[in-house]
Amino acid sequence: MSVEVHVDARVTQGQLVSFSKGVDAYLTFARDHGYTVPKVLQGLSGPMNSIRLIYQYDDLCAYEEHEARTLVDVDYAEAASAMKCIEGSVLYTIFREVAREVVK
C-alpha cells in the first residue's frame, strides 16, 4: 500500500526567484544522494507564496527511513533550507492509498 506525503509551506515574501533556484538545487541533491524526489507545485490560489512538495513511497516504512536519514544529514538540511520557506509554515500531511475494487 503506497504512501504519499504532502509538505505544504510558504516561501518568504520576495524570495520566489531564490525559491526557484533553491528547489532546483534541492531536487538535484535529493536525486544524486538517493532521496525520494518530490513533485513540486506552486499555489495559484490560497495563501500567497504557497508551495507543495509531494513525495511518494512504497509504504510507511520507506517514508520513515527517508525521514530518519534526513535528521542526521547536514547537507540535506542545507539543501532544503535553500528553498527559503517561512519558518513555522511547513505542514506535513501523510496519506495512504486506499485500494478499492471497481464495481461494474
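Rounding to the nearest 0.5 Å places OH of Tyr55 at 8.5 Å from OG1 of Thr36. Interatomic distance, Arg52 CZ to Leu91 CG, rounded to the nearest 0.5 Å: 9.0 Å. Expressed to the nearest 0.5 Å, how far CD of Glu67 lies from CG of Leu60 amounts to 10.5 Å. With rounding to the nearest 0.5 Å, the separation of CD1 in Ile54 from OG1 in Thr93 is 10.5 Å. Put simply, CD on Gln13 and CD1 on Ile86 are 8.0 Å apart, with the number rounded to the nearest 0.5 Å. For the atom pair Arg96 CZ and Asp59 CG, the distance stands at 13.0 Å (nearest 0.5 Å).
At a threshold of 4.5 Å between non-hydrogen side-chain atoms, the residues Phe29 and Asp24 do not count as touching. Taking the side chain as every heavy atom from C-beta outward, Val17 and Lys21 approach each other to under 4.5 Å. Residues Ser89 and Asp8 have side chains not in contact (no heavy-atom distance under 4.5 Å, counting atoms from C-beta outward). Side-chain contact between His66 and Tyr57: present, with at least one pair of heavy atoms (C-beta onward) separated by less than 4.5 Å. Counting heavy atoms from C-beta on, the side chains of Ile51 and Cys85 come closer than 4.5 Å.
The two residues Arg69 and Gly34 have their closest heavy-atom pair at NH1-O, 3.3 Å. Across all their heavy atoms, Tyr26 and Ala79 have their closest contact at CB-O, 3.8 Å.
At a cut-off of 3.5 Å, with distance as the only test, no side-chain donor of Thr12 or Gln15 sits close to an acceptor on the other residue. A side-chain donor-acceptor contact under 3.5 Å links Tyr35 and Asp73.
Between the side chain of Arg10 and the main chain of Met48, a donor-acceptor pair closer than 3.5 Å is present. Proximity of a side-chain donor or acceptor of Ser20 to a complementary backbone N or O of Leu16 within less than 3.5 Å is not detected.
Atom CD of Glu78 is surrounded by 12 or fewer heavy atoms from other residues, nucleotides or ligands within 6.0 Å. In this structure, Asp32 places its CG atom where more than 12 heavy-atom neighbours from other residues, nucleotides or ligands lie under 6.0 Å away.
Under a hydrophobic-cluster definition in which Ile, Leu, Val, Met, Phe, Trp and Tyr are linked whenever side-chain heavy atoms come within less than 4.5 Å, directly or via other members, Val90 and Ile94 are assigned to the same cluster. Under a hydrophobic clustering in which Ile, Leu, Val, Met, Phe, Trp and Tyr are joined whenever their side-chain heavy atoms come within less than 4.5 Å, directly or via other members, Val11 and Leu41 fall into different clusters.
Checking Tyr63, Phe95, Tyr92 one by one against His6, the ring-ring contact (aromatic ring centres under 6.0 Å, His included) holds for a single residue, Phe95.
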